[in-house]
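In what follows, a single structure is set out as structure tokens and then discussed.
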Amino acid sequence: VQLQASGGGLVQAGGSLRLSCAASGRTFSNSVLGWFRQAPGKEREFVALISWNVAQSYVAASVKGRFTISRDNAKNRVYLQLNSLEPEDTAVYYCAAASRIATASSVYDYWGQGTQVTVSS
């Protein structure tokens, strides 16, 4: 599976962005897709995941109610809608794929290159 994230940018606090992850590879439809983020000087942090059949999704407590994950298997894309953004959300956001549901980054075998999200106060 090859992944490419896009949609990041600079936004004011309270604003919104929609990140997109384009996937290629015949195993995409059977994968768990996740989003992680990493701020300068901090460890990579789990944000959200969604299973291949969309039956299961999970969003980290730190962003629950503000971020929403979705996927379109027909388009081989997974999306992360970021609303009510806060300066603390500033980070590089990565999409990743795994063969099972997990929040640990070590479980994810495939990673995109990341897209920068910067939230100004």
Whether [X] side chain and [Y] backbone form a donor-acceptor pair below 3.5 Å:
X: Gln4; Y: Gly112; answer: no
X: Thr90; Y: Val119; answer: yes
X: Ser121; Y: Pro87; answer: no

Q) Rounded to the nearest 0.5 Å, how far apart are CD1 of Ile101 and OG of Ser51? A) 5.0 Å
Distance-minimising heavy-atom pair for [X] and [Y]:
X: Leu19; Y: Gly8; value: CD2-N, 3.6 Å
X: Trp111; Y: Ser105; value: CZ2-O, 3.5 Å
X: Arg37; Y: Ser62; value: NH2-OG, 4.0 Å
X: Ala5; Y: Gln113; value: O-NE2, 2.8 Å
X: Asn73; Y: Arg71; value: OD1-NE, 2.7 Å
X: Leu33; Y: Ala97; value: CD1-CB, 4.2 Å

Q.
Taking the six-membered ring for Trp, are Tyr108 and Tyr94 closer than 6.0 Å centroid to centroid?
A. no
Q: Under the side chain to side chain contact (heavy atoms under 4.5 Å, CB included) rule, what do Leu82 and Tyr93 come out as? Steps first, then yes or no, please.
A: CA-CA 11 Å; Leu82 286 61; Tyr93 284 70; 4.2 Å; yes
Q | Any Leu49 side-chain heavy atom under 4.5 Å of Thr103 side chain | A | yes
Q. Do Phe67 and Leu85 have side chains that get closer than 4.5 Å, going by heavy atoms?
A. yes
Q.
Could you check whether Arg18 makes a cation-pi contact with Tyr79, meaning its NZ or CZ is under 6.0 Å from the centre of the six-membered ring and within 45° of the ring axis?
A. yes
Q) What's the verdict on side chain to side chain contact (heavy atoms under 4.5 Å, CB included) for Ile50 and Val78, showing C-alpha distance, side-chain angles and the deciding distance? A) CA-CA 9 Å; Ile50 192 164; Val78 62; 4.0 Å; yes
Q. Does the side chain of Ser84 come under 3.5 Å of the side chain of Arg66 through a donor N or O and an acceptor N or O?
A. no
(Q) According to a hydrophobic-cluster definition based on side-chain heavy atoms being under 4.5 Å apart (Ile, Leu, Val, Met, Phe, Trp, Tyr only), do Leu17 and Leu10 belong together? (A) no
